[in-house]
Each structure stands twice: as C-alpha cells, then as structure tokens.
Amino acid sequence: MAQKVADKPVGDLTEAEARDELARLAESLSQANVAYHTEDAPEISDAEYDALKQRNIAIEDRFPALKREDSPTEQVGAPLAEGFSKVRHAVRMMSLGNAFEAEEVKDFDGRIRRYLGMSQFAELTYTAEPKIDGLSLSLRYENGTLVQAATRGDGTEGENVTANARTIDDIPQQLDGAAGGLPEVLEVRGEVYMSHADFAALNERQAARGGKSFANPRNAAAGSLRQLDAEITRARPLKFFAYAWGELSAPLAETQMGAIERLQALGFQTNPLTQLCDGPDEMIAHYRQIEEQRATLGYDIDGVVYKVNDLALQGRLGFRSTTPRWAIAHKFPAELAWTRLEGIDIQVGRTGALSPVARLTPVTVGGVVVSNATLHNEDYIAGRDAKGEVIRPDAEGNAKDIRTGDWVQVYRAGDVIPKVADVDLSKRPEEAQPYAFPHVCPECGSEAIREEGDAVRRCTGGLICPAQAVEKLKHFVSRAAFDIDGLGAKQVEQFYRDGWVKEPADIFELKARYGAGMQQLKNREGWGDKSASNLFDAIDERRKIELKRVLFALGMRHVGEVVAGDLAKHYLSWSAMIEAVDAALPAAERYRKAEAAVEDERKAAAAEGRRARIKETQDAVWAEEPTVPAEAKSAWNDLVGIDGIGATVAVSLVTSMNQEAERASIDRLVAHLDIQDAERPATEGSPVAGKTVVFTGTLEKMTRAEAKARAEALGAKVSGSVSKKTDILVAGPGAGSKETKARELGIEIMDEDAWLALIGG
DNA sequence: CGCCCTCGAGTTCC
DNA sequence: CTCGAGGGCG
C-alpha cells in the first residue's frame, strides 16, 4: 500500500481537500506504525514514511482548525516537525586531533612529555583502541537509570534522541550496581555503529521493498538513530561501544583502562581490542596489528585512538580549544579514486575570496559519491604551496598543474572533505590548456586582486558584489551569530533575491515592511500564515542579543567566534566598545602607515644591500604631524593588549567599523537591537580573578603552559612581562630582571608553593 | 626571528 | 576537516 505523497502544493489545497487528505494520512501513518511494531518488514520505506509525516504537518500548519483528534503528529513517541529537541552537554563533547604518520604519533608523545615536564625516558602509558566509524552518543544516567541520550551536535549542544537510544540493546536502561555501587550522575559516551552483516541485511530489505539503500554503515547508523519515530530505530540493528564519559559525580577509576573496565562492569560493551601501550613504539605496533585485522572485525573503523592512561595526567594536560591534549586519533590512510575533471568553477565567499571548485565525473570514494572537490586556490591548481614550493612534482621535479579534462586523483580529507590530490599527465588531452585563474570577480565583474603574501585572490566589490552580500547575510544568521529559527541560508538567499533583505538591518524591518504582503506572496514558496508569523516571532526574540554574537555576526575580517568573545569580555558593553574603537582610529591608521613605510624601507634596504632601519622608520612615521592623540594611543594599546588580539586584528576591527558605508549599516542594525552586556568571567570565589599574573624563573610543580592555563581558568590574566598593571609575580628559582623590576614597582612576589596555596592547588 | 598553537575562513555531502 | 595566517613565546 505504498502511498505516494500527494504533489499538490499545500498552499493550493482547498479546505475540503485538506480535510480528506489529513484523514488519508492518519490512516496510512497509523498502519505503517502498526507494521513497525509488529513485524520487521514495514510496508513503506522510511523515506516515504517521513514524507507522509512531513506532509501531514504542513497541512496542519496551514489549516490548524482541521487538525484531527487522532492526529499522527500528536502520537506518543512521534516528535514534531522541528525534529529533536536540543540538549546542552554538561561537559563538552570534544573531537580528537589526528595523526596519519608514525612520526606524528611520536610528536604527540613528545608534546605530552614536554607539557608535563617529563623526561624522554620516564614511564608514560597510553591506551590504544580502534576508532569506531559510527556516530558518538552521550548517555546520561542518574542513580543508575538512563534519563537522556544526546548526539554530539556541535559539541556543546546535541539532539535529544533518548527514545531512540532506549531501543538499542547494547545501551542498558539500568546500570548494574553490583560492582562498587552506582554514581549519582554518570554520563557515558561512546559510539553507535552498525555491523557489516547487519548493514548488508538492512540494505537488502530496503532494496526488496524499493526503499533507498544506504551508502555505508555509518550513514545507516546515523540515519537509523536520527529517526523521528523511535519504532523505526527499534527495527534497526544498532550497536554501541562505550569508551569515554562526560559529567561524573564520582571518579570512575584512576586510569583510562580502569575506567573502561568499570564501564564494562556497569553493563556496557567496550571494545575488546583496547590495550595498554608503553610509549609510541608499542602504540604504532598495536596500530599495525589492528590495521591487519581491520577487514575481519565485522564493523568499520577508521583508525586507532591513543589516550594517556593516567587520569590525573589527563587532568593536568587539559584541553585545547576543541581537542584534549591527552588523546589523538591515528587514522588509516584515506581511500583514493581517479576520475575526470570536467571543469573548474569559482565561488565567491563572504570576504570576497575566490575559491576554485573542481566539477568531477561522479566517482565513489570511501562509500560516498563525490562530484565536487575543493582546489583551494590559484597556487594549488598550479601545483605549488603558499611559499612557492612544488607540492605536486612530476618525474623531473617540476610542478604538475591541474587542467580541465585531466584525470585526477581524489580523496576525502579526514574522510569528509573531497580534495584533488594528483594528476595523471599520461592521460592529459592534447588540447588541455593551463587554467587561467580569473582576475575579475565572476559574480560582479569587479577586479579581483591578490595581496602580497596572501594565498587567496579577493573580489574588491565589497557589498556591491551580490555573492559577498549574500554570504555575509548567511553568516549573519548562522548558528554562532543571530541563529534565527526559520531563517537559514536558503531563506536569506531568497529574501535577498526578492530585494527584501539587502543588509542585516532589513531583517528586523521585514515584518513592518512586508508582513502583510508576505503571507500571500510566499504561499507559492512554502510560506504559510503560520510559518511567516513564526518567523516574525523568532526575529523579534533575537532583538535581545549578547554582545559577542553581534560582533561575530558583523563578519569583519579576522573577527571570528573566539575573537568576538574576547572583545565582548574585555569591553563588556556595545557602547564601551564603540567608544574605544572610534578613539583608536587615528592610532590604527598611523600603525598601518608605519607598517607600509617599513615595507618600503625593507625593499629599499634590500636593493641597496644594507640593513633595514625598522625601528627608526616606525618612529619617524609615529612622530609625523599631526601626532596621534594620547587617548587614541591608549585606546589602541588597550585593544592590542587583549590576549589573542594583535595589530592585524585590531586594524581590521577599527577600520572596518569606521568605514562610512559599513558604519551606517551597523548603526541601522544596532538601532533595532537590545544588546546585552557581557558578563564578567564567572570566577566568583577565585582569589585571582581579574588579576594580572606573571610567571618567571623555573616552575617546578608544573610547566609554564599548564600554569598559564590554570591561572586563566580562574579568571586571571597571564602576561609575559612585568608592568605597573601586574598584580602578582610568581618567581621560581633563577628569576632575574623581572623579579628586580617587580620589586622596584612594589608588586606582590610569591614562590610557586605560595601561588599554589593561593589558588588552592 | 623562528616555531608552535590557535583561530578564521572556506569546503562537501547527507 | 584542512590550510593559511595571526599571535605569543622562547
């Protein structure tokens, strides 16, 4: 009874038609549900089921009055169109750094020893386990009972898939407390995957009833877990290996291996190939062994994960921005494929960057059909890197360029992003010409220039360029920026094409200007009364917004998510920041002028064969009349004094905010907003919050990097040199001029032990 | 001044 | 996910 989704647009339905269709849909969906509950061979495919459900929701959205008592969207276990609810991870789900070569594994070990201040010969044990190719899942247990399951998402926020996780046999609903009691809170993390055998059987079933088959076990696992209807997930043979944890009310063990054993005792499957290794040589040997067994394991793996075994050391090593320092994934070599390059297209990004994209004859690489691949930039096509070195040598060591018509080798970097790696010159068509990278923007015709030392060529059209304007708008509504529900990349693009939204401020004027017309106009494009009013509500909700989001959303060059956050944390309010940025303008312009003069001096000196007088050149420019006002200098110094912000970022920020057109657009936007002040770092109770600390001499209990990371976590600012702003100098043995200077300035000086006592370490 | 780490920006497929 | 570039440290 495979019912096709009716194809009449929802917007064109009459009320009578809608009522009939809702009745038919309720019938079909309920039959399909019964089929899933009672047998393993449903009558309609998941895709069809989903399509019917979506159709049902769309109609109900358009005709809310016609919603049936037995509406399929109200059924238990059937979340609504928005999909899964969002879940914030109590402890961030990190990703792992990668290594491809044995050498990089040794570097990893070396880095850890250096960070911990351990000698090359001190004993350091790691665990090594296969890296399962599935999707990670975080399971929250409270007093031993499963209360929530969440996907990784962006690491901070995932999707709530609790109902689906409950259908997986390997995931206990209730933990086994026999061995050592149950923790109050335990978040277990691991990988959901599908075995080769189950994958093949599933695809056979799908094919038998005309459903779409999955490209690989990972996609099958992901597709199965993320079913809106948990009963579909139940019918899918998913498995789970536990290998990590998030929030914990009590430690699981003292070592990684101990924790894995504890997870096993609690009732989880853990990977049998997990093993302890003493140092990189044993790790690499275990990697080779696992690689040999790869084909016979019965499930996909894409490498081996190494972790420092001692959990206390893991704690000391801590995290970089997205990855732990104490773990790394040693990946298997990527799968390669050859195909023909049909053409090269140029895309224009939000900063005007011209990016070449390869259009390929579709080819399967690692279980996925690839038809586009990145070519990076002008030099990459020519076969060179940014420094001009040959990256793709032919037999004589000359660079092999890439031409339309060539046979090219493609792989998926990190098993994700398709890249063109190599060219087969023996198969090059005779008529193939070297690729001429455009010097004119293909979107707006403006000149595209490449700044010295820059790898990318950029369109100079600014907001005149439709591609840049649209990309900027997409950035504005992106997740870390305004993140407006119902206003994604597609919608923004459409509004731009309609001429309704040309710059961010227009979004907040949509309702006033087009609200009335929109409901009718947009019906044909899938906008109903409901979705339009939902959108206006979502936009209104976002008028109140955090400072860092606004800064990031503006899309200024060099100001990404992190820098925007740093700026917000420093200035705390929009008005304070604007004031500072305006004040710093003369200094920023002078800095730029000085740098240009230095560049000229360098060239002149090189030509004349003498040493460049850099300091003198800089000083001369700064001394030029009119001199830069003291308040401009201090605003500038304050700005570049922020950790992570240097002159390049500062110049970009100050000048772009003071560009006339840009500023007008920003002012228009801000008038619509209620920008929330940033909170001072939440370090209440920390004795060093807001203090500036300098470390000098030899630290004996920890390394400098560690000391810095810990101090910053407590809200302190760590600086490299002593000034009158310094509050505390931590001096180890061998401290020299810094200690003298601190003494002169009357700054508090303490040794490492006193510091540790102060911060409660 | 050079090295290492982090951040920004651009990318593909589902 | 990767590359290039910016920033900080030795």
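In what follows, every heavy atom counts, from backbone to side chain, and hydrogens, waters and symmetry copies are set aside. Chain letters run A, B, ... following the sequence lines, proteins first and then strands; every chain starts at 1.
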Please give, in whole Å, the distance from [N] [atom2] to [X] [atom1]?
X: R458(A); N: dG8(B); atom1: CZ; atom2: P; value: 14 Å
X: K474(A); N: dG10(B); atom1: NZ; atom2: P; value: 12 Å
X: R218(A); N: dT12(B); atom1: CZ; atom2: C1'; value: 12 Å
X: E378(A); N: dG10(B); atom1: CD; atom2: C1'; value: 16 Å
X: E561(A); N: dA9(B); atom1: CD; atom2: P; value: 11 Å
X: L360(A); N: dT12(B); atom1: CG; atom2: P; value: 10 Å
X: R111(A); N: dC4(B); atom1: CZ; atom2: C1'; value: 10 Å
X: L653(A); N: dG6(C); atom1: CG; atom2: P; value: 15 Å

Could you work out which one of [options] sits closest to the side chain of [X]?
X: N372(A); options: dG6(C), dC13(B), dT11(B); answer: dC13(B)
X: V368(A); options: dG6(C), dC14(B), dC5(B); answer: dC14(B)
X: S355(A); options: dG10(B), dG8(B), dC13(B); answer: dG10(B)
X: R557(A); options: dG8(B), dA9(B), dT12(B); answer: dA9(B)

Set of salt bridge (Lys or Arg N to Asp or Glu O under 4.0 Å) partners for E471(A), sequence neighbours left out: K474(A)
Set of salt bridge (Lys or Arg N to Asp or Glu O under 4.0 Å) partners for D300(A), sequence neighbours left out: none
With A605(A) via side-chain contact (heavy atoms from CB on, under 4.5 Å) - residues at least two apart: E601(A), R610(A), A612(A)
Aromatic centroids of H475(A) and F552(A) separated by under 6.0 Å: yes
N/O (side chain, R325(A)) to phosphate O (OP1/OP2, dT6(B)) under 4.0 Å: yes
Phosphate-side-chain proximity, T648(A) and dA5(C), N/O vs OP1/OP2 below 4.0 Å: no
Of V370(A) and V559(A), the one whose closest DNA chain B nucleotide lies more 5': V559(A)
Those residues of residues 332-351 of chain A lying under 4.0 Å from DNA chain B by at least one heavy atom: Q347(A), R350(A), T351(A)
With F476(A) via ring-ring contact (aromatic ring centres under 6.0 Å, His included) - residues at least two apart: F482(A)
With H570(A) via ring-ring contact (aromatic ring centres under 6.0 Å, His included) - residues at least two apart: none
Trace of the side chain to side chain contact (heavy atoms under 4.5 Å, CB included) decision for R340(A) with D406(A): CA-CA 6 Å; R340(A) 192 179 290 281; D406(A) 271 338; over 6 Å; no
Residue R450(A) excluded, over 12 heavy atoms near CZ under 6.0 Å: yes
Ring pair (Phe, Tyr, Trp, His ring centres under 6.0 Å) contacts touching residues 343-380 of chain A (sequence neighbours left out): H376(A)-Y380(A)
Touch class at under 4.0 angstrom, heavy-atom based, for A215(A) against every strand present: nothing
I'd like a list of close polar pairs between nucleotides 1-4 of chain C and the protein, N/O only, cut-off under 3.5 Å.
residue: dT2(C); atom: O3'; partner: K419(A); partner atom: NZ; Å: 3.4
residue: dC3(C); atom: OP1; partner: K419(A); partner atom: NZ; Å: 3.1

Show the atom names and distances, to 0.1 Å, of all donor-acceptor pairs under 3.5 Å that link a side chain in residues 362-373 of chain A to residues at least two apart or in another chain.
residue: N372(A); atom: OD1; partner: R359(A); partner atom: NH1; Å: 2.6

